[in-house]
2 protein chains.
Amino acid sequence: MSRDRRAARRQATRDEIVAAAWELVREQGLAGLALRDLGDRVGMKAQSLYSYFASKSEIYDAMFREGYLAFAAHNDDLVALADRVDADTATILRRTAHRFFEFCTSDPVRYQLLFQRTIPEFTPSPESYAVAVQAYEQMSELLAGIGVRDQATLDLWSAVLTGLTDQQISNDPGGARWSRLVDRAVDMLITESHTAATTDNESEKA
Amino acid sequence: MSRDRRAARRQATRDEIVAAAWELVREQGLAGLALRDLGDRVGMKAQSLYSYFASKSEIYDAMFREGYLAFAAHNDDLVALADRVDADTATILRRTAHRFFEFCTSDPVRYQLLFQRTIPEFTPSPESYAVAVQAYEQMSELLAGIGVRDQATLDLWSAVLTGLTDQQISNDPGGARWSRLVDRAVDMLITESHTAATTDNESEKA
DNA sequence: GTCTATAATCTGATAGAC
DNA sequence: GTCTATCAGATTATAGAC
């Protein structure tokens with residue numbers, strides 16, 4: 001049917017626009033995305049973009065969705081690895097941490113869009129948000145399968161890992177100053193998870 | 001001398017403008033600061049602000065400087081505490097971590113300006129940057145006095161602490177989901193610092 | 001579906017009268 | 001030092017011809 005072909009063509013153009021948006025955003029920063037530049041890049045007037053997206057925010061939304069789909073895909077083979085019986089827990093956790101770290105630092109702008117709240121004019125649509133939630137669930141199921149189950153411990157893990165990536169991105173972009181510390185951090189977390197009964201801040205009781 | 005009084009008056013107005021800028025920025029976000037709004041807030045036309053600051057960036061710079069002065073002041077009595085012989089290391093470290101955490105989370109916008117790189121159009125002046133450097137040196141001297149000396153360990157500490165504050169600010173603003181984990185994180189770091197000889201990523205050798 | 005034209009707003013910054 | 005007037009530019013978005 002020609003209906004299908006038209007829809008496919010339309011989707012291809014949308015994809016092309018989103019790809020160009022990623023390029024621009026890597027050059028000029030996430031907030032610096034301008035529809036005029038975007039139109040130039042794909043060879044059409046900025047106004048024509050409105051034939052494909054109802055607003056600038058919808059373009060961010062498509063990028064957000066695409067980013068989380070990439071995140072989920074990136075984690076798929078991690079899950080496969082975790083399901084193998086012969087790999088020990090520490091190995092799996094180290095690998096998982098490195099993969100997460102690498103996913104984040106390899107594309108700082110994507111990291112900013114996906115994991116930080118820095119574009120005030122943009123809030124993900126329910127549909128895109130659902131994609132994000134699904135990716136998180138995949139991740140926490142993976143960790144739960146290894147033994148990281150209670151919320152507090154999970155929160156500690158996420159804080160340490162995002163802390164490392166944040167520092168790497170903002171203080172040593174392209175370097176390895178914090179990536180070198182990933183294994184050390186993971187081992188530290190593993191040890192802690194084994195010893196620590198759940199404790200609240202001791203200083204609060206003083 | 002009337003020269004002095006004039007200078008004092010001028011400085012007072014500058015301070016007033018900066019204070020109003022902090023207010024606005026807490027309401028509308030760091031990037032959302034508009035000179036027209038700022039003029040309204042202090043009761044003058046936006047154009048008149050240029051009698052006090054040469055550019056918008058100079059206003060950010062004054063805020064940056066003020067923020068790091070506040071940070072240094074905030075840490076002064078931590079240094080005093082650390083100099084007392086009767087306090088044990090773990091106590092000092094826990095207190096230091098909590099103070100840092102509290103300083104950051106109590107004013108997210110200030111945190112953004114001081115510790116994240118999120119305003120593209122602003123780079124601190126050499127003078128203001130020097131204030132920041134001084135505050136960092138104060139902090140690392142404090143940690144060095146307790147035993148955290150090598151750069152890698154210091155980096156690990158900063159990653160964990162900023163990770164906790166980041167998560168708290170962006171995922172549970174006003175709550176305590178990650179602040180509850182500060183002691184646990186500090187104890188974990190202390191234990192790790194005692195046991196770990198300096199090691200690089202083990203998985204790199206595989 | 002793409003274009004031209006343009007609306008409606010916002011921005012930071014400057015010139016010059018008072 | 002404060003004002004009025006204005007520049008010079010950006011932004012997102014809409015209307016209507018083709």
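Here is how names work: the chains are called A, B, and so on, in the same order as the sequence lines, proteins then strands, and each is numbered from 1.
The CD1-P distance, from B/I17 to D/dT2, rounds to 8 Å in whole Å. Taking atom OH of A/Y52 as the reference point, atom C1' of D/dA13 lies 18 Å away to the nearest angstrom. Atom CG of A/L49 and atom P of D/dT14 are 13 Å apart (whole Å). Between the C1' atom of C/dT2 and the CZ atom of A/F53 lies a distance of 16 Å, rounded to the nearest Å. Summarising the geometry, the separation between CG on B/D40 and P on D/dT2 is reported as 15 Å, rounded to the nearest angstrom. Here the C1' atom of nucleotide D/dT2 and the CZ atom of B/R9 are 13 Å apart, to the nearest Å. If you take NZ of A/K45 and C1' of D/dC18, they are 16 Å apart, rounded to a whole angstrom.
Take A/R10 and apply the salt bridge (charged side-chain N to carboxylate O under 4.0 Å, His left out) test, not counting sequence neighbours, and it matches no residue. Considering only residues two or more places apart in sequence or on other chains, B/D77 meets the salt bridge (charged side-chain N to carboxylate O under 4.0 Å, His left out) condition with B/R99. Scanning for side-chain hydrogen bond (donor to acceptor under 3.5 Å, both in side chains) contacts around B/S128 gives B/D61, B/S125, with sequence neighbours left out. Remark: A/T91 engages A/D88 in a side chain to side chain contact (heavy atoms under 4.5 Å, CB included) (not counting sequence neighbours). The side-chain hydrogen bond (donor to acceptor under 3.5 Å, both in side chains) search around A/Q116 returns A/D166, not counting sequence neighbours.
Applying the 4.0 Å criterion to OP1 and OP2 of D/dG1, one finds that B/R6 has every side-chain N and O outside that range. Between C/dC3 and A/S48, a contact under 4.0 Å exists linking OP1 or OP2 to a side-chain N or O.
Within the 4.0 angstrom heavy-atom criterion, only backbone atoms of the sugar-phosphate kind lie near B/R10; the bases stay farther away.
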Completion exercise
Going 5' to 3' through nucleotides 9-16 of chain C and flagging B where a protein heavy-atom sits under 4.0 Å of the base, S where only the sugar-phosphate is that close, and - otherwise, we get --BBBB--
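A salt bridge links B/D107 and B/R26; the closest N-O separation between the charged side-chain nitrogens and carboxylate oxygens is under 4.0 Å.
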